[in-house]
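Take a look at the structure set out below.
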Amino acid sequence: MSTALSAQHVSVSFDGLKALANVVLDIPPQRVTGLIGPNGAGKTTLVNVLTGFQAPDEGQVFLDGQPIGGITSHRLRRLGIARTFQSGRLFGELPVIDNLEVTGVGLGLSRRESQARAEAMLDWIGIGALADRAAGGLPYTDERRVAIGRALMMEPKYLLLDEPAAGMSAEEADDLITLIRRIVAEMKCGVLLIEHNIGLVLNICDHIHVLDSGEIIEDGAPAAIKASEKVRHAYMGTQAEAGGVVL
Ligand SMILES: Nc1ncnc2c1ncn2[C@@H]1O[C@H](COP(=O)(O)OP(=O)(O)OP(=O)(O)O)[C@@H](O)[C@H]1O
Ligand SMILES: [Mg+2]
């Protein structure tokens with residue numbers, strides 16, 4: 001099996017509701033893979049499965065060819081699988097620098113080394129000036145960048161971003177695209193990008209998967225996704241009509 005973080009025939013049900021049905025998806029290294037789909041399609045559930053937060057009912061997850069079912073999320077983080085959460089989940093009362101430092105210590109660094117790495121990471125992202133600010137008091141977009149910085153501590157091999165551009169202006173989303181490109185090019189990371197901002201996904205992704213009611217209904221290069229009738233249909237009556245998505 002190829003080098004990738006890979007979901008193979010993954011199914012998950014919640015009280016009879018099929019959140020994921022036979023999902024196959026590869027996140028190759030040094031590429032941006034997109035995952036789109038209407039609200040409730042199963043995107044976050046798939047991230048939870050790929051990062052060890054949710055056990056699949058059926059199927060298996062592979063890290064570079066090795067099955068990783070049953071390995072805790074914490075251990076998977078040490079093995080190089082990192083994520084952000086749709087809802088931020090920073091330690092709001094702690095300074096920004098401490099939010100990253102805590103992660104480094106949790107991953108086995110000494111306090112001193114973790115602090116040095118946290119400082120370097122904030123500088124690399126371009127938010128060094130925020131180091132001593134309380135994470136909870138930050139504007140939303142800065143909070144998102146801190147969450148990405150925390151996920152990048154120890155330079156993971158795979159990074160899963162769950163709606164990182166939610167609430168961002170067009171200009172801020174452009175900055176995010178630049179950051180994701182640097183993560184791929186400079187850290188050699190494979191990125192899974194979940195986004196409702198379809199323009200952003202079409203712009204930056206090498207390959208895009210479309211989930212609808214737990215099933216992958218389409219996958220391909222951006223041009224193919226843009227032209228897909230199935231994808232257009234899946235969005236009808238949801239974001240497209242609300243004006244949030246232009247395919
Ligand atoms: N822990 C849970 N218990 C019960 N049902 C759940 C749980 N997690 C998710 N679900 C349900 O599974 C389905 C998929 O949810 P999921 O959060 O994965 O969707 P999503 O594509 O991330 O949606 P969104 O775009 O709104 O973030 C939804 O119907 C949701 O209500
Ligand atoms: Mg979600």
Side-chain angles (χ1 to χ4, degrees), residues 5-27 32-61 69-70 72-74 76 81-90 140-141 143-144 147-148 150-151 158-168 173 176 180 191-205 207-220 225 228 230-247:
L5 179 59
S6 175
Q8 291 294 319
H9 307 288
V10 162
S11 297
V12 172
S13 292
F14 297 113
D15 303 324
L17 172 103
K18 202 112 185 173
L20 294 175
N22 199 27
V23 168
V24 175
L25 177 146
D26 273 0
I27 306 169
V32 185
T33 302
L35 180 60
I36 63 173
N39 288 115
K43 303 179 298 294
T44 298
T45 303
L46 184 56
V47 168
N48 288 341
V49 170
L50 287 164
T51 53
F53 286 82
Q54 168 76 49
D57 299 325
E58 292 167 58
Q60 180 61 282
V61 177
T72 63
S73 56
H74 183 70
L76 290 178
I81 303 174
R83 70 174 294 181
T84 60
F85 293 88
Q86 212 167 337
S87 54
R89 287 209 198 176
L90 296 178
Y140 195 60
T141 53
E143 196 180 274
R144 297 258 143 182
I148 291 173
R150 187 174 62 176
Y158 299 99
L159 174 65
L160 290 72
L161 299 172
D162 199 349
E163 299 196 25
M168 287 189 179
L176 179 70
I180 292 172
V191 172
L192 181 73
L193 177 63
I194 293 180
E195 256 308 321
H196 281 298
N197 181 340
I198 306 294
L200 189 150
V201 172
L202 292 171
N203 180 334
I204 195 177
C205 292
H207 194 98
I208 299 166
H209 298 256
V210 186
L211 259 183
D212 187 25
S213 302
E215 292 183 39
I216 299 282
I217 57 161
E218 197 80 272
D219 79 278
I225 298 301
S228 166
K230 271 195 227 167
V231 176
R232 191 178 297 273
H233 189 74
Y235 274 97
M236 283 196 182
T238 59
Q239 292 94 336
E241 271 187 10
V245 175
V246 182
L247 283 172

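Indexing begins at 1, ligand by ligand and atom by atom, following the structure's order.
The residue from I180, V32, I194, L192 that alone fulfils the side-chain contact (heavy atoms from CB on, under 4.5 Å) condition with L161 is I180. Only one option out of L50, L5, T33, V191 pairs with Y158 in a side-chain contact (heavy atoms from CB on, under 4.5 Å); it is L5.
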Q: Check the pair S6, D26 against side chain to side chain donor-acceptor pair (under 3.5 Å), reporting the backbone distance first and the verdict last.
A: CA-CA 4 Å; S6 175; D26 273 0; 2.6 Å; yes
Q: For the pair E163 and Q86, evaluate side chain to side chain donor-acceptor pair (under 3.5 Å) and give the outcome as yes or no after the intermediate values.
A: CA-CA 6 Å; E163 299 196 25; Q86 212 167 337; 3.2 Å; yes
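The part of L17 lying near ligand 1 is the side chain, judged by heavy-atom distances below 4.0 Å.
Every residue two or more places apart in sequence or in another chain that forms a side chain to side chain contact (heavy atoms under 4.5 Å, CB included) with S73 is listed here: F53. Among residues two or more places apart in sequence or in another chain, the ring-ring contact (aromatic ring centres under 6.0 Å, His included) test is passed with Y140 by none.
Around the Mg ion (ligand 2), the protein contributes the following N, O or S atoms under 2.8 Å, ordered by chain and number: T44 OG1, Q86 OE1.
At least one donor-acceptor pair under 3.5 Å links the side chain of D57 to the backbone N or O of S13. Remark: side-chain polar atoms of Y235 are paired, donor with acceptor, to backbone N or O of G37 under 3.5 angstrom. K230 contributes no side-chain N or O that, together with a main-chain N or O of I225, makes up a donor-acceptor pair within less than 3.5 Å.
The atoms of ligand 1 that sit less than 4.0 Å from any heavy atom of Q86 are 24 (P), 27 (O). Close approach of ligand 1 to T45 (heavy-atom distance below 4.0 Å) involves ligand atoms 9 (C), 14 (C), 15 (O), 16 (P), 18 (O). Below 4.0 Å from some heavy atom of T44 lie the following atoms of ligand 1, by number and element: 17 (O), 18 (O), 20 (P), 22 (O), 27 (O). Under a 4.0 Å criterion applied to the non-hydrogen atoms of H196, ligand 1 contributes the atoms 25 (O).
Residue contact annotation: E163 has a non-hydrogen atom under 4.0 Å from ligand 1.
The heavy atom nearest to atom 23 (O) of ligand 1, out of those in G40, S13, A19, is found in G40. By heavy-atom distance, the residue among A166, S213, G42 lying nearest atom 19 (O) of ligand 1 is G42.
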Hey, can you pull the donor-acceptor pairs under 3.5 Å for the side chains in residues 210-219, sequence neighbours left out?
| unit_1 | atom_1 | unit_2 | atom_2 | d |
| --- | --- | --- | --- | --- |
| E218 | OE2 | S228 | OG | 2.5 |
| D219 | OD2 | H207 | NE2 | 2.6 |

